[in-house]
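Okay, so here's the structure we're looking at.
Counting begins at 1 with the first residue of the sequence.
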Amino acid sequence: MTKDPAPPRAGLTVEAIEGKLLAQRKVLALILSRLLGSDAGRDLRAALDSLSVMQDHQEDPGVLLDGPEVIQSALAVEVREIVLAATRAQTAMEPEA
């Protein structure tokens, strides 16, 4: 029987989880920045933009979200953050004019 080289760790602190998520965001942003510079980048950007909007088109900022809406809102915010980080990384890679 093969032993799992990295079994899940119980009891991760909030800080450790946040650090892991930030690392994943940075890696995704770097990969995405390279992809957005390709020919398929426009289609990819359009797909990401559609993910970054609440699907129920809720416009009222005073509405309190609950249940699945909280998850959808968090998803939309995270996609926007990743795209923003990718755009910054892409800009940093472009040669000065």
For Arg45 and Leu36 the tightest heavy-atom approach is CB-CD2, 3.9 Å
- Query: When you measure from the side chain of Ser73 to the backbone N and O of Glu69, does any donor-acceptor pair fall under 3.5 Å?
  - Reply: no
The reported gap from CD in Glu15 to CG in Leu22 (rounded to nearest 0.5 angstrom) is 11.5 Å
Note: Ser38 and Leu35 closest approach over all heavy atoms is OG-O, 2.6 Å
Same cluster (ILVMFWY, side-chain, under 4.5 Å), Val83 and Leu75:
yes
Residues Ala76 and Val53: closest non-hydrogen pair is CB-N, 4.1 Å
*asked:* Measuring only between side-chain heavy atoms, which start at C-beta, is Ile31 closer than 4.5 Å to Val27?
replied: yes
One should read off an interatomic distance between Leu28 CG and Glu78 CD, to the nearest 0.5 angstrom, of 8.5 Å
Leu30-Leu48 co-clustered via ILVMFWY side chain contacts under 4.5 Å: no
Output for pair (Gln24 CD, Ile82 CD1), nearest 0.5 Å, gives 9.0 Å
Take Leu12 and Lys20, measure what side chain to side chain contact (heavy atoms under 4.5 Å, CB included) needs, and give me the verdict at the end. CA-CA 10 Å; Leu12 284 175; Lys20 287 175 170 285; 4.0 Å; yes
Note: Leu51 and Gln72 closest approach over all heavy atoms is O-NE2, 4.5 Å
